[in-house]
Amino acid sequence: MEQKWDDGLIARRVAAGRTVRGDTAADAGPARRTDGPAGGGRGGRGGHDGDGYDGRGGYGGYDGDGSGDGGDGSPPPGGTYAAALKARLDALRDLLGLSATRLDPRTVAEAGRVLDEAAARQRLSLRHTVVAIAGATGSGKSTLINALAGVPVSETGLRRPTTAAPIACVWSEGAAGLLDRLGIPGRLRRRPLAGGDGDDALRGLVLVDLPDHDSALTAHRDQVDRVLGLVDAVIWVVDPEKYADAALHERYLRPLATHAEVTFVVLNQIDRLPGDATHQVLDDLRRLLDEDGVALGEHGEPGATVLALSALTGEGVPELREVLGAFVQDHHAATRRLSADVDAAATRLRPVYVGQGRPGLGERSREDFTARLAVAVGATAAGEAAEREWRRNAGRACGTPWLRLWRWYEALRTPGGRTGEPAETAPPEEEPTARQRVEHAVRVVAEEAARGLPAPWAQAVREAAVRGARGLPEALDELAANARDPQSGKRPLRPAWWPVAVLAQASMTLLQVYGALWLVGQIVGVLEPGLTPPVLVMLAGIVGGPLVEWACVVAARGPARRYGQETERRLREAAAGCGRAMVLDPIATELMRYREVREQYATVSGGRIPTG
């Protein structure tokens, strides 16, 4: 019994039980279709799910640990990427996750596409290499693919454009999923001449003939752009007339300069060039590629391969087949292409992840911010007020009784007054805390923290500072109010030696009263006359009271100063703590997140930037 292939390839019949031509014995089996739709049932060909991809199109589903199988314990059909590439893809996925709320989605869209393509490519066979043949109108792309396949795969002719849709030629089985991903229908899938020259050397090759990249039809150019983003490598076919075409160099070669290792540039139609003209054109072509930034793979160095041939006469075709065969058998084309995609994505993302210098908040910036808040909250003025309050309380505690009576009398004469002294109130046009000074301090520290950051992260730092500072003036106002009247509802602050001073002042008052009574007694005749003793006693009390008061004032200067300094220090620390919690900590959080993304970006870019 025979099984007929109906997948659009040139018809081939395989006897039941005969091994289908492929890379491994896993492709064998009667009536088993190896070119079925990609992503078939779990455990089926192309449907293996061991890569951990969730199928929802999210970033980073390219690889688990490779521990999945196809239902029978076999390894994933797509295989796993090398450790270095996997680490870069992991870092890129984490990078986009950390940046989701900081960057415009359009900025990271291309990087997200790279992750999605990595996931899609790994689910498919990494044993196959997909190579596109691209070129301008009349460059001979179709003739070249026919020469490589040994059969008429693609139509050739004078009518332009000749190739209207991508056509694929497959050198081994198991590539249907890759072709489905490229959107190539079954009727446009071909097989090379069985047993032809180079058939074994090119095993695993999937060659795709693209429409002209300079076609007058927009749909053709769109097809070229779409497929070029999905293939593993590209063979650019140029001719002696259009090899310097600006559209080719500016639209394709220059933007894809990072993909040099998966790029072939073939100068076709050399049979039309006389004498040494081929070498001259090749030298000029290499010069143009160098100007485009495309590294050339010469002297054993990695880079683009440049060859000259004639697809019509066959000259140089064996050399291309040999180079292409070695490239395919290396089985690293997909990894190289994806690494180049990551490099390109890293280059595009560099402006939003890499700034100038070493951004961050230094100790001096923090101290300056704290000093500005202290000025805004009036810490120095509060300390001076506390010092004056201490000295006043000391004076009240140690003053003479007659001075106290006078103050009491003055208090009665002053409506609503307690002490008869003018109330120390802030001018009505000023707030307890200078709001503008607080806002200025926040702006300054935010700008210092954002200095050297890329624009999106600098903006995130500024926004974090502004959000945190929304309630800062009110919080500082409350601190200032508490510092201004710390003993509200309590007894006034008094020095520890106040009882002794009061006792001394009372003694001086008693001396005055005693001397006065003594003198009065003498005047009325109750006591013996003697003016000197009572007068001396009275003078001792009269002079001693002010002396005690003056001594108390002098003794209170040191403690008052220390008390004022302590009040200023507490207010400065309270303002600093408030500013740190509401402004500096949010800024530090944003800077820490930026350092995290910077480290991830360093991994994505292959460690080519400093991570400091």
Side-chain angles (χ1 to χ4, degrees), residues 9 20-24 26-27 34-35 38 46 77-82 85 117 121-135 141 144-151 153-154 166-179 181-182 184 189-210 227-228 230-237 256 259-266 297 300 302-307 309 311 316-341:
L9 302 178
V20 179
R21 191 180 191 86
D23 287 342
T24 64
D27 292 326
T34 59
D35 282 342
T80 57
Y81 293 130
L85 177 58
E117 292 303 330
R121 184 64 180 91
Q122 191 187 22
R123 292 201 309 275
L124 304 172
S125 174
L126 293 179
R127 295 177 290 109
H128 290 79
T129 301
V130 183
V131 180
I133 296 184
K141 305 186 308 299
L144 179 58
I145 193 173
N146 292 341
L148 291 172
V151 292
V153 173
S154 185
I167 300 174
C169 184
V170 185
W171 266 260
S172 63
E173 314 295 345
L178 293 170
L179 297 176
R181 178 169 173 255
L182 296 176
I184 300 178
R189 303 177 187 183
R190 305 289 186 266
R191 290 298 303 270
L193 181 65
D197 185 21
D199 191 32
D200 291 336
L202 298 180
R203 187 181 305 277
L205 174 64
V206 178
L207 204 56
V208 181
D209 185 16
L210 297 180
V227 175
L228 286 179
L230 301 175
V231 297
D232 302 328
V234 183
I235 298 176
W236 290 101
V237 181
L256 294 175
H259 295 64
E261 290 191 63
V262 291
T263 299
F264 297 79
V265 181
V266 173
T305 301
V306 181
L307 297 172
L309 55 80
V317 174
E319 288 78 3
L320 174 61
R321 181 181 286 111
E322 180 181 355
V323 172
L324 196 57
F327 182 77
V328 171
Q329 297 307 316
D330 187 51
H331 295 301
H332 289 154
T335 299
R336 291 176 182 173
R337 167 60 196 260
L338 191 54
S339 296
D341 286 345

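These numbers were taken from a predicted model, which means no experiment stands behind them.
- For the pair Arg181 and Leu124, the minimum side-chain heavy-atom distance is below 4.5 Å.
- Heavy-atom minimum distance, Val206 versus Ala175: CG2-CB, 3.8 Å.
- Minimum heavy-atom separation, Ala333 to Thr129: CB-CG2, 3.4 Å.
- Between the Arg191 side chain and the Val170 main chain, a donor and an acceptor come within less than 3.5 Å of each other.
- Between the His259 side chain and the Ala233 main chain, no donor and acceptor come within less than 3.5 Å of each other.
- In this structure, Arg203 CZ and Ser172 OG are separated by 6.5 Å, a value rounded to the nearest 0.5 Å.
- From Ser125, atom OG reaches atom NE2 of His331 across 9.0 Å, with rounding to the nearest 0.5 Å.
- Smallest separation of non-hydrogen atoms from Ala311 and Ala147: O-CB, 4.0 Å.
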*asked:* Between Ile184 and Arg189, is the side chain to side chain contact (heavy atoms under 4.5 Å, CB included) condition met? List the steps.
replied: CA-CA 7 Å; Ile184 300 178; Arg189 303 177 187 183; 4.1 Å; yes
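- Atoms CZ and CG, from Arg121 and Asp341 in turn, are 12.0 Å apart once rounded to the nearest 0.5 Å.
- Side chains of Leu148 and Arg321 form a contact here, defined as non-hydrogen atoms less than 4.5 Å apart.
- Of the residues Val262, Leu228, Leu256, Val208, the one that meets the side-chain contact (heavy atoms from CB on, under 4.5 Å) test with Val234 is Leu228.
- Put simply, CG on Leu205 and CD on Gln329 are 9.5 Å apart, with the number rounded to the nearest 0.5 Å.
- In this view, Glu261 satisfies the side-chain hydrogen bond (donor to acceptor under 3.5 Å, both in side chains) rule with no residue, not counting sequence neighbours.
- When side chains are defined from C-beta on, Arg337 does not count as touching Val130, because their heavy atoms never get closer than 4.5 Å.
- Dense packing is recorded around CD of Glu319, with more than 12 heavy atoms of other residues, nucleotides or ligands lying under 6.0 Å away.
- Partner Ile133 forms a side-chain contact (heavy atoms from CB on, under 4.5 Å) with one of Val231, Leu207, Leu210, Ile167 and no other, that one being Leu207.
- At least one side-chain heavy atom of Glu117 sits less than 4.5 Å from a side-chain heavy atom of Leu230.
- Annotation: side chain of Leu144 is in contact with side chain of Leu320 (closest heavy-atom distance under 4.5 Å).
- At least one side-chain heavy atom of Phe264 sits less than 4.5 Å from a side-chain heavy atom of Leu324.
- Using a distance-only test at 3.5 Å, with no hydrogens or angles considered, no donor-acceptor pair links the side chain of Asp232 to the main chain of Val131.
- Of all heavy-atom pairs between Trp171 and Gly204, the closest is CB-N, 4.2 Å.
- Distance CH2/Trp236 to OG1/Thr263: 8.5 Å, rounded to 0.5 Å.
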